Amino acid sequence: MTTQGKGPIVVAGAGLAGLSAAVRLSSQQMQRDIVVLEATASGGGRSRSFEHGRSGYELDNGQHLMMGCYFETLAFLRTLGQDHNVEFQRNMSVDMVQPGGKRVSMRCPALPAPLHLGAGLLGMRGMGLLHKASALRAGLLLRGEVDRPDDNETCDAWLRRLGQTQPIRNAFWEPLVWATLNDDPLVSSAAMLMAVLERAFLGTRDASSFGLPKLPLSKLYVNPSVQYLEERGVSVRTASPLRGIECGGNGVSAVILRSGERIETDTVISALPPKPLLSSLPETVLRDPVFADVAKLTNSPIVNLWVVLDRSLWDDVPFLGLISSPLHWLFDRSRIEGLDEPGRVLVNCTISGARGMVDDRPHVLVELFKAEMKRFFPGRHFEVLDSKVIKEKKATITHAAGTYQYRPGTVSPVKGLFLAGDWVRTGLPATIESAVQSGHDAAKAVVARAQP
Ligand SMILES: Cc1cc2nc3c(=O)[nH]c(=O)nc-3n(C[C@H](O)[C@H](O)[C@H](O)COP(=O)(O)OP(=O)(O)OC[C@H]3O[C@@H](n4cnc5c(N)ncnc54)[C@H](O)[C@@H]3O)c2cc1C
């Protein structure tokens, strides 16, 4: 395939959106140079890992969970030869723990979707029949609900409309909303929740299974992408921040790096977050309503606590949800990564939509972790041997009800400028899958534009 044009195709940003766009373009035998420009020294953006010198572990910027319905991400990983490094559950299964240690467990049996969900909900251990019946009712109404999603309705209003009881909200719905939409059900859009429910529960049974990376994120996504690209002659320029995109009446004409270097091009895929994209565009372009809407998007934080414990707090499953706790999920990373170190257990604790905690000092968060673990695992005595707190203040865009309309499409109003990033209009909440889908969509649009 040939795509004629002026200069190289420039991909700005080497997060998963930019990397997946460049990998897809470079796999298509294009006779045109591709240049990836990344501001940081190593790329990966919000899905990256780094060496933590003191503990010796390679830590992710935050624990990332996938689902079987991450079809674009799985295709991306297959291209990189990395799909075997994500461990998927055979059937969806979630364990939640209550203060005091009692579990609420959901195990979906090997039935076709969505029967597996219905049977999983009905068979939930630790949940009364009345509450299970209310969830089953929502499950039965799901097909109609996903067919007419309402972005102006909040998840809270949707759950109330479907008569969900508080215990089933605490143990099932609310953790699902916080985890997938990274915000409070009181503000999050029901339409975004419908997008998740449709993909996860109304397709195949495998679609709802959780997948955990067996490797740190840079080893899973970033390094293999860079290797793949460089083997195909793509220039991946790290520590090369983009400063501006020049555009006039004929669309894009060049990009300017912060170093002052100018690269002439008529094709740019921006895989930047909203703010750096807006600051790279000229005033005249920013007046376009599409970019005026992008400026209205806001962010939601995630806080991750990495702790090294002297022993396990639980030993049967790789991850656990905490019911009615300011801390949301615990992951036994030693078990997930197959690390066998007597007297050392690496645990991740994830707090989504962590607005109330993002300004707390690390030692305050570690003390909160210790107090909560005593509440949830009474009788388990443990020592925290080491810890690292990572605050991602702009972890995702906020999926508040009524805001989906502000997300732009792949093809921007500027000729030759294509938009990627988990925050563009993919029909999905800002996740790995949305980022990779946006990258693939942008690559497709670039190729389509070049077709005679
Ligand atoms: C803590 C945390 C936990 C998460 N957990 C999950 C999860 O469990 N499951 C899930 O599916 N998703 C999860 N996500 C979301 C997921 O990480 C993101 O959706 C995804 O990584 C976004 O990728 P992106 O390429 O769209 O954006 P980014 O990763 O933000 O990439 C943008 C890139 O652009 C670069 N850049 C910025 N400015 C410039 C410039 N001027 N010039 C050049 N480059 C520039 C940045 O350095 C960055 O590399 C989580 C996110 C966080 C932060």
Side-chain angles (χ1 to χ4, degrees), residues 10-22 35-49 59-67 69-70 72-73 76 86 178-182 196 199 210-213 217-218 220-222 225-226 236-245 255-259 268-281 299-306 319 328-329 331 348-354 358 389-397 399 419-424 426 428-439 442:
V10 173
V11 178
L16 297 189
L19 291 172
S20 58
V35 176
V36 179
L37 299 175
E38 164 58 37
T40 65
S42 41
R46 285 169 284 149
S47 298
R48 66 182 188 283
S49 51
L59 302 179
D60 294 340
N61 67 315
Q63 172 65 46
H64 281 60
L65 203 58
M66 293 174 61
M67 292 189 86
C69 56
Y70 277 29
E72 299 288 332
T73 310
F76 178 45
V86 180
W178 284 97
T180 56
L181 306 187
N182 191 28
V196 174
R199 291 214 180 190
F210 290 108
L212 287 162
L217 292 168
S218 292
L220 181 68
Y221 292 107
V222 187
S225 297
V226 172
V236 182
R237 296 180 55 179
T238 52
S240 301
L242 176 98
R243 192 179 71 207
I245 301 174
V255 294
I256 316 290
L257 276 61
R258 203 172 291 162
S259 62
V268 174
I269 294 179
S270 162
L272 307 175
K275 212 169 163 206
L277 167 67
L278 294 178
S279 49
S280 73
L281 291 170
N299 295 110
S300 199
I302 299 181
V303 171
N304 271 262
L305 268 71
W306 287 95
F319 68 98
H328 294 151
W329 297 93
F331 294 83
N348 171 279
C349 171
T350 295
I351 311 162
S352 302
V358 78
V389 174
I390 303 172
K391 299 171 176 178
E392 288 276 8
K393 295 193 173 175
K394 295 180 178 173
T396 64
I397 51 164
H399 301 292
L419 304 180
D422 62 348
W423 56 279
V424 309
T426 55
L428 292 172
T431 49
I432 291 175
E433 178 67 0
S434 181
V436 175
Q437 183 181 314
S438 78

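Basis for what follows: all heavy atoms, side chains included, without hydrogens, waters or symmetry-related copies. As the structure lists them, so they are numbered: ligands from 1, and atoms in each ligand from 1. On a predicted model such as this, the values are computed, not experimentally measured, just so you know.
With a 4.5 Å cut-off on side-chain heavy atoms, Y70 and V436 do not count as touching. A heavy-atom distance below 4.5 Å is found between the side chains of Y221 and F76.
Residue contacts with ligand 1: R48 is excluded, as none of its non-hydrogen atoms falls under 4.0 Å. By the 4.0 Å heavy-atom criterion, W423 is excluded from the residues contacting ligand 1.
Aromatic ring pairs are classed by plane angle as parallel below 30°, tilted from 30° to 60° and perpendicular above 60°; the pair F319 and F331 is parallel.
A side-chain contact (heavy atoms from CB on, under 4.5 Å) with D422 holds for exactly one of S47, P429, S434; it is S434.
Annotation: I432 places an N or O atom under 3.5 Å from an N or O atom of ligand 1; distance criterion only. The shortest N or O to N or O distance between T396 and ligand 1 is not below 3.5 Å. Residue-to-ligand polar distances place E38 within reach of ligand 1: an N/O pair is separated by less than 3.5 Å.
Counting only distance, with no hydrogens or angles, the side chain of S280 and the backbone of L278 share no donor-acceptor pair below 3.5 Å. Without hydrogens or angle criteria, Q63 side chain to N348 main chain gives no donor-acceptor distance under 3.5 Å.
No salt bridge links E72 with R199; every basic N to acidic carboxylate O contact stays at or beyond 4.0 Å.
Looking at A17, P273, S42 and measuring to atom 37 (C) of ligand 1, the nearest heavy atom belongs to P273. The residue among T180, L16, N182, L242 with a heavy atom at the shortest distance from atom 40 (C) of ligand 1 is L242. Taking each of L65, T431, L217, L212 in turn, the one with a heavy atom nearest to atom 9 (N) of ligand 1 proves to be L65. Distances from atom 51 (C) of ligand 1 to the heavy atoms of K275, H64, Q63, R243 show the closest one on H64.
With ligand atoms numbered from 1 in the order given, ligand 1 contributes 16 (C), 17 (O), 20 (C), 21 (O) to contacts under 4.0 Å with heavy atoms of S47.
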